[in-house]
Amino acid sequence: MDKTYSPGEIEARVYRLWETNGLFAPAGDGSPYCIVIPPPNVTGTLHMGHAFQDTIMDALTRFHRMAGDRTLWQPGADHAGIATQMVVERQLNAQGLTRHDLGRERFTERVWQWKEQSGGAIARQMRRLGASVDWSRDRFTMDPGMSQAVQEAFLRLHDEGLIYRGKRLVNWDPVLKTALSDLEVQSEEADGHLWHIRYPFADGQGHVTVATTRPETLLGDAAVAFHPGDERYRGLEGRRIALPLADREIPMIADDFVDPAFGSGLVKVTPAHDFNDYEVGQRHGLPLINVLAADAKLGDAAPARYHGLDRFDARTRIVGELEAAGLVEKVEPHRLVIPKGDRSGAVLEPWLTDQWYVRIAPLAEPAIRAVQDGRIRFVPANWDRTYFEWMRNIKDWCISRQLWWGHRIPAWYGPDGAVYVGRSEADARARAGLPADLPLVQDEDVLDTWFSSALWPFSTLGWPGDTPELRRFYPTSVLVTGFDIIFFWVARMIMMGLRFMVDVPFREVYVHGLIRDHEGQKMSKSKGNVIDPLDIVDGIGLEELVAKRVTGLMQPKLAPAIERSTRKQYPHGIAPYGTDALRFTFASLATQSRDLSFDLGRVEGYRNFCNKLWNAARFVLMTAESPVEAGPETLSPYDRWIRSRLDATVAAVRDGFAGYRFDLAAQAAYEFTWYEFCDWYLEFSKTVMQSPDVGADQRRGTRRTLLETLEALLRLLHPLMPFITEEIWQRVGPLAGRTGDSIMRQPYPSVLPGAAAPEVESEVRWVMDFILGVRRIRGELDIAPSVPFELRLQNAAPLDLERYARNEGALRRLAGIAGATPLAAGEPAPQAAAALLGDLRILVPMAGLIDVGSELARLDRRRSKIEQELARADAKLGNEKFVRNAPAAVVTQERERVLEFKRELAQLAEQYERVASLR
RNA sequence: GGGUGCUUAGCUCAGCUGGUAGAGCGUCGCCCUUACAAGGCGAAUGUCGCAGGUUCGAUCCCUGCAGCACCCACCA
């Protein structure tokens, strides 16, 4: 093995081993465990969020697979309607074309081509991350099977009256020219104006003043409303107003929704262009006057002179004309909320169209109950409140989109406009008993991408067919997702799953945080702080990194600042850290926090951890690889100690996985590996293996413990660091008596009966404290490690002497001492620095070794520390109430501490005197 | 306007049902001791946001406040 771990050469080889041996497919007769992947956009690339999420899912998958479950991690990708269509349209635009130049058929062909060309990127990246998905079951939301599921779901919901078509206001994106659901609306605050406009009465007798932020919609006004209780306007109901510029009359009406305190207390009511006004219009039977066209230019219902005018130009012009007519009373600056499309960024319009909707209340109700009664559990639990909050206020879901890329709505129209729904045109015809020659035209629209995503947990498993996979793996075990798509996706899967499968789609929802940069900023192209996860795996040079960040910016003027900060932060680019280091970083980042700051420093730390493990393995192989003659074995205290510690670690790591606390699992494994196995056990083992006077049977025991502990540790770490553990295991596994192709299919370590050895732990603790005490003196008094010295032991109890004798080899080696002899009865203690270990005083004689001044300083530091502790403990015990009320064990413990402190202080004082007398 | 989080060492974060404050990175010493300098040994560092309350005892539970972040919402 090389002296340094180099991930690059190993990872590709190891992944190939797994994939070609078919190790990702479900196997065995264990209980089923299944995770469906949140399908990434098929033409997208893997970002840090994906890498993080995939790491978690892969860790769970590998953990359960090793624990004996029949485990499926179901992969797939999403067609991502709007996002993908926009990418391809942009490509066309670059050639000076629009999708209309190609027409629907050629355009969708073109999207398919783009999908074929770029669709493999994510899968390749996932392989680099070690994702153990069952590639043979890879699915795409536009696959024939998926499409069938979509049609079936649509049909059934429609038959049950849960899908309907209706003309009403929707959120309209005038750039993409499609309807959007409420969730796709991003509200943004902005500075605008509040125009106070005079509306003259039709009879010429005065006017009223209304306040509006959207004067151009005046052309669509159908009334002016005031609050019924508003004294100022009492009696005005029914009074006619001559709508300026529009040459129409509209009535005054009274309605509760008006806030008398806002503006003038009068609202212009524009039912076709505002959601509130729409409601008011319904209540009062007002006409819907739709003055905007699909592109948000003024249309037919507006006076002819405004036709074709863009809405914002129309605003300027209308305000100008009103001013000219003396109808603008005042203009105030006003903070308002502007709805924008989450993809296009266009300012949306409430617009009157025919759309398809899902009647959501009947679906939401059982979905709420499923979480209430615990059939679905959110982790962390408090996310259920967010879920309830939304579900209880949910509105019908607009599912039709005026796009070309997506699942075509399975509805056909007859010549008379009648609607026929079916799995296909023939099916629709058959279901309605229509004659073959009746011409039918399919609905032009496609379904919201999230409609197919909502079916994902069962459509991927074969629904509407009744497949073995569906029966075995549904409900799936856990959904791993970010909180940003709880509404978009999680809630809808629950509703659809309960409707079609009559059971929840998953039993648990693990909601993880969002990966941000090291300063807690969201990663985004325009901030220039995006890191490609594979650049951490493979490394990237500075120039290339800068180029990556500044090309393709929406706002090129940001480039210099991004370049500067990138050069400052990564003066040497990014080193190749390997997948395992990245994955371990993600695991340790997976706390319960919502915002997870990603710091490359941690990756470096865990890269070092990989190297540490690698070298520990090298050591184990060097000491234990050569065959030894068979024979009886004896375990040393250190062997039993490390086995006991491993056992505790296994318990902690398993707890971590069970509770989705990957950070705690990672931490427990890290600490065991580095601080117990490497720092102590390997050193202890040297005293056994490299000392001439240790018997062969004990050597065999240690050799076996080295191999078995390392081997178990590799299995323990494997879900988090699959590559390095596999690579090492290939050599260590067989030596530890394991057979098999791969660590992947080995059992996950379990807590073993009899492994925990508290009495051994306490003896080894004594040994370690002994060593630490001596090392501290050495460190604080600057005695070089190469200078051995002879110790004297004062106040040694028989147990101390026994322990010393049993562990002398380790003590000599690890404390760097030449030996230790107890003081004889009555023998005066030499001038010495002392370490305290209970009653035992470990003396480092000072002759020729120690500087009096620095020893006194050391004693002083120690004394003030103990005095502080003592003062606190004393105060506690001085409090009668504490003594009376605290549990006896706590009080006793506190008393013991006080005794301990006092004893140590006395010893320190004595020691101080003695050393001081040397001056 | 409603809701949800967060505030612990210079930085990033743990801290399980209240009982002596921890880790990584960074910092400071001493070491190339044949697994590992991507390392070893040792050291320093905290009014646990602020103010009350409950309790023998609060980083932890309760209340209020401040700051930060996010989500939802129709005030023209």
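Throughout, a chain's letter reflects where its sequence line sits, starting with A, and its residues are numbered from 1.
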Remember a base hit wins even if backbone is also touched, and classify [X] as base, sugar-phosphate or nothing at under 4.0 Å, heavy atoms.
{"X": "A:K686", "answer": "base"}
{"X": "A:C610", "answer": "nothing"}
{"X": "A:R607", "answer": "base"}
{"X": "A:H196", "answer": "nothing"}
{"X": "A:D277", "answer": "nothing"}
{"X": "A:Q186", "answer": "nothing"}
{"X": "A:V258", "answer": "base"}
{"X": "A:T4", "answer": "base"}
{"X": "A:D679", "answer": "sugar-phosphate"}
{"X": "A:F262", "answer": "base"}
{"X": "A:L664", "answer": "sugar-phosphate"}
{"X": "A:W674", "answer": "sugar-phosphate"}
{"X": "A:R884", "answer": "nothing"}
{"X": "A:T213", "answer": "sugar-phosphate"}

So which nucleotide does [N] pair with, by the Watson-Crick or G-U wobble rule with both distances under 3.5 Å?
{"N": "B:C6", "value": "B:G67"}
{"N": "B:C32", "value": "none"}
{"N": "B:C61", "value": "B:G53"}
{"N": "B:U27", "value": "B:A43"}
{"N": "B:C13", "value": "B:G22"}

Please tell me if [X] has a side-chain N or O lying less than 4.0 Å from either OP1 or OP2 of [N].
{"X": "A:R661", "N": "B:G15", "result": "yes"}
{"X": "A:K3", "N": "B:A37", "result": "yes"}
{"X": "A:R776", "N": "B:A43", "result": "yes"}
{"X": "A:N608", "N": "B:G39", "result": "yes"}
{"X": "A:K876", "N": "B:U20", "result": "no"}
{"X": "A:R385", "N": "B:U4", "result": "yes"}
{"X": "A:T386", "N": "B:G3", "result": "no"}
{"X": "A:R872", "N": "B:A21", "result": "yes"}
{"X": "A:N885", "N": "B:C56", "result": "yes"}
{"X": "A:T212", "N": "B:A76", "result": "no"}

Can you tell me which residue among A:L589, A:D517, A:N529 is in a side chain to side chain contact (heavy atoms under 4.5 Å, CB included) with A:F598?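 Passing option: A:L589.
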Hydrogens and angles aside, do [X] and [Y] bring a side-chain donor and acceptor to less than 3.5 Å of each other?
{"X": "A:T386", "Y": "A:E389", "result": "no"}
{"X": "A:S588", "Y": "A:D663", "result": "no"}
{"X": "A:T623", "Y": "A:K686", "result": "no"}
{"X": "A:H196", "Y": "A:E332", "result": "yes"}

Minimum heavy-atom distance A:H227-A:D256, with the two atoms named: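 Scanning both residues, the minimum pair turns out to be CD2-O, 3.4 Å.
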What's the shortest heavy-atom distance between A:R492 and A:S181, and which atoms?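 For A:R492 and A:S181, the tightest heavy-atom pair comes out as NH2-OG, 4.1 Å.
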Using the [atom1] atoms only, state how far [M] lies from [N], rounded to an integer number of Å.
{"N": "B:U59", "M": "B:C71", "atom1": "P", "answer": "33 Å"}
{"N": "B:A43", "M": "B:A38", "atom1": "P", "answer": "23 Å"}
{"N": "B:A14", "M": "B:A58", "atom1": "P", "answer": "24 Å"}
{"N": "B:G24", "M": "B:G57", "atom1": "P", "answer": "35 Å"}
{"N": "B:C28", "M": "B:A44", "atom1": "C1'", "answer": "7 Å"}
{"N": "B:G64", "M": "B:U27", "atom1": "P", "answer": "44 Å"}

Can you tell me how far [atom2] of [N] sits from [atom1] of [X], to the nearest Å?
{"X": "A:I866", "N": "B:U20", "atom1": "CD1", "atom2": "P", "answer": "16 Å"}
{"X": "A:R168", "N": "B:C74", "atom1": "CZ", "atom2": "P", "answer": "15 Å"}
{"X": "A:D663", "N": "B:C25", "atom1": "CG", "atom2": "C1'", "answer": "17 Å"}

Given RNA chain B, 5'-ward residue of the pair A:G601 and A:L682, judged by closest heavy atom: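 Residue closer to the 5' terminus by nearest nucleotide: A:G601.
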Relative to the 5' end of RNA chain B, which residue comes earlier, A:Y606 or A:R618, by the nucleotide with the nearest heavy atom?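 The residue mapped nearer the 5' terminus is A:Y606.
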Does A:E900 come within less than 4.0 Å of A:R897, counting only side-chain N to carboxylate O?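 No, A:E900 and A:R897 are not salt-bridged.
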A:F483 side-chain proximity, nearest of B:C70, B:C36, B:A76: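 So the side chain of A:F483 is nearest to B:C70.
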